[in-house]
Amino acid sequence: MIDLRILREDPERVRASQRARGEDPSAVDAVLAADETRRAAVARFESLRAEQKALGRRIPAAPQEEKADLLARAKELAALVKEAEEAVRSADTALREAALVLSNLVDEAAPRGGEDDFVVLETVGRPPEFDFPPRDHLELGNLLAAIDTERAAKVSGSRFYYLTGVGARLQLALVALAVAQATEAGFIPVIPPVLVRPPAMEGTGFLGQAAENVFHLEKDDFYLVGTSEVSLAAYHMDEILDVASLPRRYLGISTCFRREAGSHGKDTRGIIRVHQFDKVEMFSFTTPEESAAEHRRLLEWEKQFLVALEIPFRVIDVASGDLGASAARKFDCEAWIPTQGRYREVTSTSNCTEFQARRLNIRLRDDGGVRPLATLNGTLVAIPRTIVALLENHQRPDGSVYVPPALRDYLGTDILRPGHV
RNA sequence: GGAGGCGUCGCCUAGUGGCCGAUGGCGCCGGUCUUGAAAACCGGUAGGGCGCGAGCCCUCGUGGGUUCAAAUCCCACCGCCUCCGCCA
């Protein structure tokens with residue numbers, strides 16, 4: 001949720017942000033109108049209520065002959081108050097609903113434009129040059145008996161996979177490496193719930209444009225999280241955190257579920273786009289003033305991890321039209337995928353400023369009082385895509401795969417060989 | 001699944017219809033005292049909304065109801081605890 005004060009004082013700024021995202025700027029006027037209606041309703045209710053309370057206080061002490069008259073008037077007032085209260089409630093709801101439609105204000109520094117208008121910030125490492133036809137990750141995964149999508153299709157349908165043998169161990173190794181790195185940096189590892197109730201999902205901003213990609217358990221009204229960002233953001237819901245305790249950094253380790261609606265036919269082969277995968281996610285609660293610097297730190301930690309895995313990648317500054325509803329700014333790390341001849345997103349970090357905190361009612365307390373804090377998230381490792389990048393970039397002509405030193409202790413080998421698990 | 005109990009301001013706690021937004025203690029903050037500290041004493045210490053302002057309004061798990069008036073009575077829901085059953 002954006003700051004209603006900004007909306008009232010500078011609605012054009014909000015409209016401009018909506019336009020930059022390719023979203024509807026007129027939603028701003030709907031919120032303004034709802035805000036106006038609500039304030040009028042509140043004023044009416046409060047004056048009636050004050051009158052009712054004043055009158056009520058006089059009743060016990062009133063002389064007998066006046067009592068009946070006072071009671072009659074009080075009764076009338078009670079009806080009016082009730083009606084006015086009803087009006088406030090519905091105006092509140094209307095305002096909240098209208099305000100929830102608005103996405104976060106885009107950071108001034110974010111590039112403008114759509115999906116293709118990103119800015120490349122840097123390129124790290126060099127794509128490998130093979131003197132043999134490289135195999136794609138699925139072929140390698142099959143050779144290594146590490147990935148089985150055929151049986152997964154039999155059991156669960158398309159966009160599922162089994163990680164077996166060295167594949168499963170690869171996941172464990174990646175998670176262990178991620179936890180080691182992040183713990184070093186002060187993150188608290190967290191294994192969160194992956195089924196959440198509506199306020200958590202809505203508060204994190206995933207029930208707007210992203211709603212179609214969220215699994216919902218109708219019967220129990222649970223949502224399956226698409227990222228532990230949801231459970232971690234909502235962890236401090238309705239709390240006030242002392243500014244001295246910030247930043248608070250959590251490392252979510254969880255399974256993620258995505259419907260992938262609207263991406264039929266895209267990435268149908270292999271494990272690049274799947275309904276269920278595991279991910280290690282960094283999440284920070286910090287002050288709004290610190291959020292931009294924290295965002296850079298999250299990006300550095302993401303880079304550090306990819307560098308350790310010796311995966312060539314580039315960093316892009318995502319354009320305004322391609323930001324999630326909650327993000328003011330977003331950096332993606334895109335790994336080189338040899339068989340596709342291009343870079344593909346493997347990690348992503350967003351600065352959500354106070355947007356999620358307002359929706360989730362998470363605030364900080366400092367000398368200036370109580371105010372919303374900032375939340376940020378960043379992927380440390382999304383398992384399937386990282387495995388894809390790892391296998392494809394480090395493959396050798398015989399189908400074996402080089403293991404970078406950082407992973408060796410966790411994996412117990414410096415090379416993955418077909419037929420050897 | 002059955003039976004019962006509980007849910008008050010960071011923590012503990014008082015409060016069974018009327019100046020109760022709410023008692024007291026702990027904790028915390030400020031002050032006095034002290035060379036400094038402790039102790040003692042004094043004061044402060046929830047959040048939100050409306051209004052230029054004095055100020056007013058809302059919130060005692062949540063939502064409804066009864067009443068002129070509800071933290072206090074009734075109902076539902078949520079959460080926690082105990083016992084029984086069930087499953088592991």
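Letters A, B, ... mirror the listed sequences (proteins, then strands); counts begin at 1.
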Could you walk me through whether A/Glu392 and A/Arg135 pass the salt bridge (charged side-chain N to carboxylate O under 4.0 Å, His left out) check?
CA-CA 7 Å; A/Glu392 293 206 11; A/Arg135 299 177 165 96; over 6 Å; no

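- Rounded to whole angstrom, the span from the CG atom of A/Leu70 across to the C1' atom of B/U67 amounts to 16 Å.
- Between B/U8 and B/U67, the two C1' atoms lie 23 Å apart (nearest whole Å).
- Rounded to an integer number of Å, the gap from CG of A/Asp242 to P of B/A46 is 15 Å.
- Checking B/G48, B/C57, B/C68 against the side-chain heavy atoms of A/Lys53 singles out B/C57 as nearest.
- Of the candidates B/C58, B/C78, B/C50, B/C78 carries the atom nearest the A/Arg197 side chain, counting heavy atoms from C-beta on.
- Note: CG (A/Leu80) to C1' (B/C68) measures 13 Å, nearest angstrom.
- One interatomic measurement links the two molecules: CG of A/Leu77 to P of B/C57, which rounds to 13 Å at whole-angstrom precision.
- With a cut-off of 3.5 Å on both Watson-Crick or G-U wobble distances, the partner of B/C41 is given as B/G31.
- With rounding to whole Å, A/Lys82 atom NZ is found 14 Å from B/A70 atom C1'.
- Of the candidates B/G47, B/C50, B/A69, the closest approach to any side-chain atom of A/Ala78 belongs to B/A69.
- B/C78 and B/A69 have their P atoms separated by 29 Å, with the value rounded to a whole Å.
- The side chain of A/Arg49 lies closest to B/A70 when the candidates are B/A70, B/G47, B/G65.
- Look at B/G79: its Watson-Crick or wobble partner, with both distances under 3.5 angstrom, is B/C6.
- Base pairing annotation: B/G55 forms a Watson-Crick or G-U wobble pair with B/C50, both donor-acceptor distances under 3.5 Å.
- Base pairing of B/C87 is not made with any nucleotide, judged by Watson-Crick or G-U wobble geometry with both donor-acceptor distances under 3.5 Å.
- Separating the C1' atom of B/C29 from that of B/U35 is a span of 24 Å, rounded to the nearest Å.
- B/C60 and B/G7 have their P atoms separated by 14 Å, with the value rounded to a whole Å.
- A/Arg5 has its CZ atom 10 Å from the P atom of B/C50, to the nearest Å.
- For B/C68, the OP1/OP2 oxygens have no side-chain nitrogen or oxygen of A/Gln52 closer than 4.0 Å.
- Here the side chain of A/Val42 is nearest to one of B/G49, B/G64, B/C68, namely B/G49.
- Partner assigned to B/C60 is none, using Watson-Crick or G-U wobble distances below 3.5 angstrom.
- Which of B/A46, B/G48, B/C50 sits closest to the side chain of A/Arg39 comes down to B/C50.
- Pairing for B/G17 is absent, with no Watson-Crick or G-U wobble pair whose two atom distances lie under 3.5 Å.
- Toward the 5′ end of RNA chain B lies the nearest nucleotide of A/Ala43, the other residue of the pair A/Ala43 and A/Ala54 mapping further downstream.
- Across all strands, A/Arg363 comes closer than 4.0 Å only to sugar-phosphate atoms, never to a base (heavy-atom distances).
- In the set B/G47, B/C68, B/C57, B/C68 carries the atom at the smallest distance from any side-chain atom of A/Lys75.
- Under a 3.5 Å cut-off, the side chain of A/Arg408 and the backbone N or O of A/Val403 do form a donor-acceptor pair.
- Spacing between B/C58 and B/C19 at atom P, rounded to whole Å, works out to 14 Å.
- Nearer the 5' end of RNA chain B, as judged by each residue's closest nucleotide, is the contact made by A/Glu85, out of A/Glu85 and A/Ala74.
- Between A/Leu380 and A/Thr347, every side-chain heavy-atom pair lies at or beyond the 4.5 Å cut-off.
- At a threshold of 4.0 angstrom between heavy atoms, the contacts of A/Arg365 are confined to the sugar-phosphate backbone, with no base atom among them.
- B/G65 and B/A54 have their P atoms separated by 34 Å, given to the nearest Å.
- Across all strands shown, A/Val88 has no heavy atoms under 4.0 Å from either base or sugar-phosphate atoms.
- With A/Ser231 contributing its side chain and A/Pro192 its backbone, the two residues share no donor-acceptor pair below 3.5 Å.
- A/Arg44 has no side-chain polar atom (N or O) that falls below the 4.0 Å cut-off from OP1 or OP2 of B/C57.
- Atom P of nucleotide B/G48 and atom CZ of A/Arg96 are separated by 15 Å, given to the nearest angstrom.
- Aromatic ring pairs are classed by plane angle as parallel below 30°, tilted from 30° to 60° and perpendicular above 60°; the pair A/Phe160 and A/His275 is tilted.
- Under the Watson-Crick or G-U wobble criterion, with both distances below 3.5 Å, B/A69 is left unpaired in every strand shown.
- When both pairing distances are held under 3.5 Å, B/C11 makes a Watson-Crick or G-U pair with B/G25.
- Note that OH of A/Tyr410 and CD of A/Gln171 are 15.5 Å apart. Values are rounded to the nearest 0.5 Å.
- Taking the side chain of A/Glu46 as heavy atoms from C-beta on, and the options B/C56, B/C68, B/G47, the nearest nucleotide is B/C56.
- Note: A/His236 and A/Tyr250 have tilted aromatic rings, judged against thresholds of 30 and 60 degrees for the angle between ring planes.
- Closest to the A/Arg8 side chain, of the nucleotides B/C57, B/U66, B/C50, is B/C50.
- Taking only side-chain nitrogens and oxygens, A/Arg89 comes nearer than 4.0 Å to OP1 or OP2 of B/G64.
- If you take CG of A/Leu48 and C1' of B/C68, they are 15 Å apart, rounded to a whole angstrom.
- Taking atom C1' in both B/G48 and B/C11, the straight-line distance is 23 Å, to the nearest Å.
- Looking at A/Glu289 and A/Arg371, a side-chain N of the basic residue comes within less than 4.0 Å of a carboxylate O on the acidic one, giving a salt bridge.
- The side chain of A/Phe45 has B/C57 as its nearest neighbour among B/G48, B/G64, B/C57.
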